[in-house]
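In what follows, a structure is listed as structure tokens, so that the remarks can point back to it.
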Protein chains: 2
Amino acid sequence: MAKEKRDNQTEKLVLEAAMKVFTQKGYAAARMDDIAKEANINRALLHYYFRSKDKMFDLIFEQKVKEFFSGLGQIVFSDRKLEDVIREMVKHEITLIVANPYLPLFVLQELQQSPERLLNHAKASGMSPNLILKRFSVLVNDAIRSKTINKIEPGQLLINIMSLCIYPMIAKPVLKSVLELDDKKFDNMMAHRIGQVSEFILLSIKPTSK
Amino acid sequence: MAKEKRDNQTEKLVLEAAMKVFTQKGYAAARMDDIAKEANINRALLHYYFRSKDKMFDLIFEQKVKEFFSGLGQIVFSDRKLEDVIREMVKHEITLIVANPYLPLFVLQELQQSPERLLNHAKASGMSPNLILKRFSVLVNDAIRSKTINKIEPGQLLINIMSLCIYPMIAKPVLKSVLELDDKKFDNMMAHRIGQVSEFILLSIKPTSK
DNA sequence: GTCTATAGGGTGATAGAC
DNA sequence: GTCTATCACCCTATAGAC
């Protein structure tokens, strides 16, 4: 029972351990030994399941990039009006990020080293970032034309939304210190931001002269 | 002339090379050999000037944290009205970051590994992040009381400002791909954002019923 | 101050017993 | 499938000649 029930569960176990170590330390600082210990497993077994550190990393990175981008597509391509789309985007992004605190920094860090990986992986997720922008632009420009919102460049607005959702978690150590929060209070603050950020954005694009 | 004029210039040369390599690759992935080559110098010389990789790193990291935080203090403690303070903050942050593209990701990445370093270094810069927040809160709360702006939590507003300025550079590879920009156009876009972001923020906090 | 050579420790990967 | 032992390489750091 101790040594048998595992089999193909082990692979999953190892992947989770690797995910944790890679995302927290980055590729270069991650040690095969860290991953092995995290999974309560022998170092040699890692190579038995996934030939090399590189192979393991690629597997995880690809999956994480998908997580990072997918979901947005569904929201943007729904038939909701812009205001609700924005609310949904903010809620989706912040929720995802609170559940995966190390994800954004990890993805962005590794992406600097080899930016070309982005396109491949994102496309493999069935929803390219470009498509999302194109659709979002249509929504924004329609809203501008119908005077539902103020004039704003769709690309800038999209950047603003992402920034407001993602950056705070990346800067967690700074913010914890500056705002004098412990981990629990920090998470509460992030949840609180779902409403705050939506309001902040919607107030900004609301037509000035009603 | 080739081997002599250096002397104490070499130290500076090496620090610049180290800064470049460390900020681009992070501590773990940075190689002493990379730094040596970047500085056109022998590997052993690095240890002659700065005993170890760690010592070198600390020196650079401390300086970069200072860059990251200083300047904000002067702006916040000036006598300008909130609107101008915000404009100045945005301009200062984006300008600093465009000039040091790898700085934010580097600082934030290394900060995750050892968050406690933040307080020491930030305080050593003579302007603790906490002080900045305290002062900023006074400005915001005064403006709220005098109906100059809408009600908003000062901490949230500060986070928003930082997010909108810093995140885009961290996500540069993603944005270049999504917005289909080359390096030159990306820098132009960031410069363009100085005005865009200021407007975005000020519109959001502007009193609704004038 | 600057170089070459090398020590010393760590890390990814493999061989081979069970 | 799982383990121990070990190889081969890489990287930091130092010793010592010049």
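All of these numbers come straight from a predicted model, not from anything done at the bench. Throughout, protein chains are lettered first and strands after them, A, B, ... in sequence-line order, and every chain is numbered starting at 1.
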- Item | By salt bridge (Lys or Arg N to Asp or Glu O under 4.0 Å) - contacts of A/Glu180 (at least two apart) | none

- Query: Between D/dT12, C/dC3, D/dC3, which one does the side chain of B/Lys53 approach most closely?
  - Reply: D/dT12

- Counting only non-hydrogen atoms, which of residues 22-35 of chain B are less than 4.0 Å from DNA chain D? B/Ala30, B/Arg31, B/Met32

- Task: Assess the side chains of A/Tyr48 and A/Asn42: does a donor N or O sit below 3.5 Å from an acceptor N or O?
- Result: no

- Task: Not counting sequence neighbours, which residues clear ring pair (Phe, Tyr, Trp, His ring centres under 6.0 Å) with A/Phe186? List them please.
- Result: none

- Run the salt-bridge test on B/Lys20 and B/Glu16 with the 4.0 Å N-O cut-off and return the result as yes or no. no

- Sort and list the pairs that fulfil side chain to side chain donor-acceptor pair (under 3.5 Å) and have at least one residue in residues 88-102 of chain B, not counting sequence neighbours. none

- Task: Using the test ring pair (Phe, Tyr, Trp, His ring centres under 6.0 Å), find all partners of B/Phe106 that sit at least two apart in sequence or belong to another chain.
- Result: B/Phe57, B/Phe61

- Message: Please pick, from D/dG1, D/dT4, C/dG12, the nucleotide with the shortest atom-to-atom distance to any side-chain atom of A/Tyr48.
- Response: D/dG1

What donor-acceptor contacts under 3.5 angstrom involve side-chain atoms of residues 151-168 of chain A, with partners at least two apart or in another chain?
unit_1, atom_1, unit_2, atom_2, d
A/Glu153, OE2, B/His192, NE2, 2.8
A/Gln156, OE1, B/Arg193, NH1, 2.9
A/Asn160, OD1, B/Arg193, NH1, 2.9
A/Asn160, OD1, B/Arg193, NH2, 2.8
A/Asn160, ND2, A/Gln156, O, 3.4
A/Ser163, OG, A/Ile159, O, 2.7

- Message: Output the rounded distance in Å from CE (A/Met56) to P (C/dA13).
- Response: 10 Å

- Query: In whole angstrom, what separates B/Asp54's CG from D/dT12's C1'?
  - Reply: 10 Å

- Task: For the helix from C/dG1-D/dC18 to C/dC18-D/dG1, figure out the bend between the end axes, five pairs an end, and round to 10 degrees.
- Result: 10°

Side-chain donor/acceptor pairs under 3.5 Å, residues 131-138 of chain B, sequence neighbours excluded:
unit_1, atom_1, unit_2, atom_2, d
B/Arg135, NE, B/Val76, O, 3.0
B/Arg135, NH2, B/Ser78, O, 3.2
B/Ser137, OG, B/Leu133, O, 2.8

- Nearest-Å distance for atom pair CG/C1', residues A/Asn42 and C/dT14: 13 Å

- Query: In whole Å, what is the span from the CZ atom of A/Phe50 to the P atom of C/dG12?
  - Reply: 15 Å

- A/Tyr49 has its side chain closest, among D/dA13, D/dT2, D/dT14, to D/dT2

Atom pairs and distances, side-chain donor-acceptor, residues 111-118 of chain A, under 3.5 Å, sequence neighbours left out:
unit_1, atom_1, unit_2, atom_2, d
A/Gln112, NE2, A/Leu108, O, 3.3
A/Gln112, NE2, B/Ile170, O, 2.7
A/Gln113, NE2, B/Gln24, O, 3.2
A/Ser114, OG, A/Arg117, NE, 3.1
A/Ser114, OG, A/Arg117, NH2, 3.3
A/Arg117, NH1, A/Asp58, OD1, 2.7

- ring pair (Phe, Tyr, Trp, His ring centres under 6.0 Å) with B/Phe77: which residues, sequence neighbours excluded? none

Return the polar atom pairs (N/O with N/O) between nucleotides 15-18 of chain C and the protein under 3.5 Å, or none.
none

- Task: Please say whether more than 12 non-hydrogen atoms of neighbouring residues, nucleotides or ligands are located less than 6.0 Å from CZ in A/Arg80.
- Result: yes

- Note on the structure: Side-chain contact check for A/His47: nearest option of D/dA13, C/dT14, D/dT4 is C/dT14

- Note on the structure: To the nearest angstrom, the CG-P distance between B/Leu45 and C/dG1 comes to 10 Å

- Query: What's the closest nucleotide to the B/Ser52 side chain, out of C/dC3, D/dA13, D/dG1?
  - Reply: D/dA13

- Rounded to the nearest Å, what distance is computed from the CZ atom of residue B/Arg43 to the P atom of nucleotide C/dA7? 15 Å

- Query: Whole Å only: how far is the CD atom of A/Glu11 from the P atom of D/dG1?
  - Reply: 9 Å

- Query: Got a sec, which residues hit salt bridge (Lys or Arg N to Asp or Glu O under 4.0 Å) with A/Lys37, two or more places apart in sequence or on another chain?
  - Reply: A/Asp33

